[in-house]
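These notes concern the structure reproduced below.
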Amino acid sequence: MPPAAVMLYEQEKTVMKRFGIVGAGIIAAEHKKALMKRSDCIIAAVCDVVREKAEVIAEGTQARVYTDYHVMCEEVKPDAVIINLPHFLHCEATVYFLEKKTAVLVEKPMANTVSECDRMIAASEKNGAPLAVAHLQRFRPSIRALRKIVAEGRLGALCAVTDVYNCDYFQPTRPAWFLCKEQAGGGITMNYGAHGLDKLLSVTGGTIESVTAAGSNFINDCDVEACSQLLVRLSDGASAVMTYCGTKVPAAENMEFYFADGYAKLKNASELSVSRGTEEPAVVPLPDAACFEDQLDAFIRYIDGEESGITTGIYGREIIRGLEQAFGSMDIRR
């Protein structure tokens, strides 16, 4: 049998899922890499309002290029889409595809408000179309390792958590919508707080009882916060203080977990150290990360009705509920 015929035969044996990518920014390139590593997926279409950006993502694939996702959906009819649009467009685009009975993986944050999340969940339930949220960092080996430690109770009850994320948030490369409260939903709290709350809930398995916050922006006239601190109370009694700083400071990404019988620290997302009792912390070896591939695998299993570690719309709403509480209590000092 000729090689081309063999390839066609192998594809026919596998149920191929035809994916559309909506929004062709930096994250879209990572989703493309993950999709191209699978034999059961085809990138059928890429859409972006800037055609040249969509063409870059489509290069080397079978994808057709579009500047309007409505036209893309009608002509290509993808089985699933990955939505990488600005936050304020998540709800509109997600609901549209769900109403077309297309499975959706929408980038975090799920939406800007709980009411938008409710619309997305309702569309998923009404049309029987799977809805998932791309909370990528829960697929990090460090988060998975710590989740296992907590689940096994090796360090006793979790008492408190600190989360610190520092970066130069107002970089010149940021698009204008990113620094607009109405469109982005908030500043550094919305963007990195969504990650922080997900890591917290992923590790602990808990739910949010309440969130209060304080914020400031002493560096520019943007209507989003540059710095914030959140006090999160979990339903099991543990608490977390989360600090996000987007001024001119050295970059950092650290989480510390204080247990009744020990301590654990995640440093710069890739290093986990653990201490039992008062002993010196020991570094835990971690496998190489393949977060986008693992997330895609979980999404596909979710579409197929299998057990999956992907975050659902209900879970994504919980994160937005926590952030909405934070912003509801935040008086941004200037």
Side-chain angles (χ1 to χ4, degrees), residues 7 11 16-94 96-97 100 102-111 132-137 139-140 167-180 183-185 190-192 194-195 269 288-300 303 310:
M7 182 178 296
Q11 287 187 353
M16 304 293 288
K17 287 185 171 57
R18 301 167 68 253
F19 271 77
I21 296 176
V22 181
I26 296 172
I27 298 299
E30 298 299 326
H31 287 299
K32 172 188 174 180
K33 292 177 187 176
L35 283 163
M36 292 191 71
K37 289 182 179 180
R38 297 189 65 105
S39 61
D40 58 349
C41 296
I42 295 174
I43 303 176
V46 180
C47 180
D48 196 283
V49 291
V50 180
R51 186 177 183 85
E52 293 75 15
K53 291 173 63 177
E55 288 173 344
V56 169
I57 299 298
E59 187 176 350
T61 76
Q62 304 174 37
R64 297 168 65 178
V65 172
Y66 293 88
T67 57
D68 185 328
Y69 64 73
H70 303 86
V71 178
M72 182 197 88
C73 186
E74 291 299 323
E75 292 187 358
V76 176
K77 296 179 172 56
D79 301 305
V81 292
I82 300 174
I83 295 176
N84 312 291
L85 296 173
H87 304 167
F88 70 101
L89 297 176
H90 283 189
C91 179
E92 177 185 340
T94 297
Y96 172 80
F97 281 105
K100 298 295 182 180
T102 304
V104 173
L105 175 63
V106 60
E107 271 294 333
K108 72 85 199 164
M110 180 177 172
V133 185
H135 281 288
L136 181 74
Q137 294 189 10
F139 293 95
R140 287 175 171 173
C167 69
D168 182 4
Y169 193 73
F170 297 92
Q171 302 170 32
T173 54
R174 295 283 196 201
W177 72 265
F178 211 84
L179 306 179
C180 170
Q183 296 182 335
M190 193 69 176
N191 197 19
Y192 294 107
H195 281 310
D288 293 335
C291 300
F292 280 92
E293 291 92 331
D294 291 345
Q295 178 178 254
L296 177 61
D297 182 68
F299 180 49
I300 290 172
I303 293 173
I310 201 71

Identify every side-chain donor-acceptor pair in residues 170-178 under 3.5 Å, counting partners at least two apart or on other chains, and give the distances.
unit_1 : atom_1 : unit_2 : atom_2 : d
Gln171 : NE2    : Asp168 : O      : 2.9
Arg174 : NE     : Tyr169 : O      : 2.8

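- Between Ile300 and Phe19 there is a side-chain heavy-atom pair separated by less than 4.5 Å.
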Side-chain atoms of residues 71-86: list all donor-acceptor pairs with protein atoms under 3.5 Å, sequence neighbours left out, distances to 0.1 Å.
unit_1 : atom_1 : unit_2 : atom_2 : d
Glu74  : OE2    : Lys100 : NZ     : 2.9
Glu75  : OE1    : Arg64  : NH2    : 3.1
Glu75  : OE1    : Tyr66  : OH     : 2.8
Lys77  : NZ     : Glu74  : O      : 2.6
Asp79  : OD2    : Arg18  : N      : 2.7
Asn84  : ND2    : Gly23  : O      : 3.2

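- Of the possible polar contacts, one joining the Lys32 side chain to the Glu59 backbone as a donor-acceptor pair under 3.5 Å is found.
- Listed by chain and number, the residues in a side chain to side chain donor-acceptor pair (under 3.5 Å) with Asp68 are His70 (sequence neighbours excluded).
- Applying the side chain to side chain donor-acceptor pair (under 3.5 Å) test to every pair with at least one member in residues 102-111, sequence neighbours left out, gives these pairs: His31-Glu107, Lys108-Asn191.
- The aromatic rings of Phe97 and Tyr69 sit tilted, their planes meeting at an angle between 30° and 60°.
- For the pair Leu105/Gln295, a side-chain contact is recorded, criterion being any heavy-atom separation below 4.5 Å from C-beta on.
- In this structure the side chain of Lys17 never reaches within 4.5 angstrom of the side chain of Asp40, judged on heavy atoms.
- Legend: residues meeting side-chain contact (heavy atoms from CB on, under 4.5 Å) with Ala54, ordered by chain and number and at least two apart, are Val46, Asp48, Val65.
- Between Ile57 and Gly25 the shortest heavy-atom distance is CD1-O, 4.3 Å.
- Of all non-hydrogen atoms in His90 and Pro109, the two that sit nearest each other are ND1-O, 2.8 Å.
- Scanning both residues, Ala269 and Arg140, for their nearest heavy atoms gives CB-NH1, 3.1 Å.
- The CG atom of Asp297 sits 9.5 Å away from atom CD1 of Ile310, with the distance rounded to the nearest 0.5 Å.
- For Arg51, the side chain to side chain donor-acceptor pair (under 3.5 Å) partners two or more places apart in sequence, or in a different chain, are Glu55.
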Q: Test Leu35 against Ile21 for side chain to side chain contact (heavy atoms under 4.5 Å, CB included), laying out the working first.
A: CA-CA 10 Å; Leu35 283 163; Ile21 296 176; 4.1 Å; yes
(Q) Assess the residue pair Cys167 and Tyr192 against the criterion (side chain to side chain contact (heavy atoms under 4.5 Å, CB included)); give the C-alpha distance rounded to whole Å, side-chain angles, the decisive distance to 0.1 Å, and a yes or no. (A) CA-CA 10 Å; Cys167 69; Tyr192 294 107; 3.8 Å; yes
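- In this structure, the separation between CD on Glu293 and NZ on Lys37 is 4.0 Å, given to the nearest 0.5 Å.
- In this structure, the side chain of Thr94 does not engage the main chain of Cys91 through any donor-acceptor pair within 3.5 Å.
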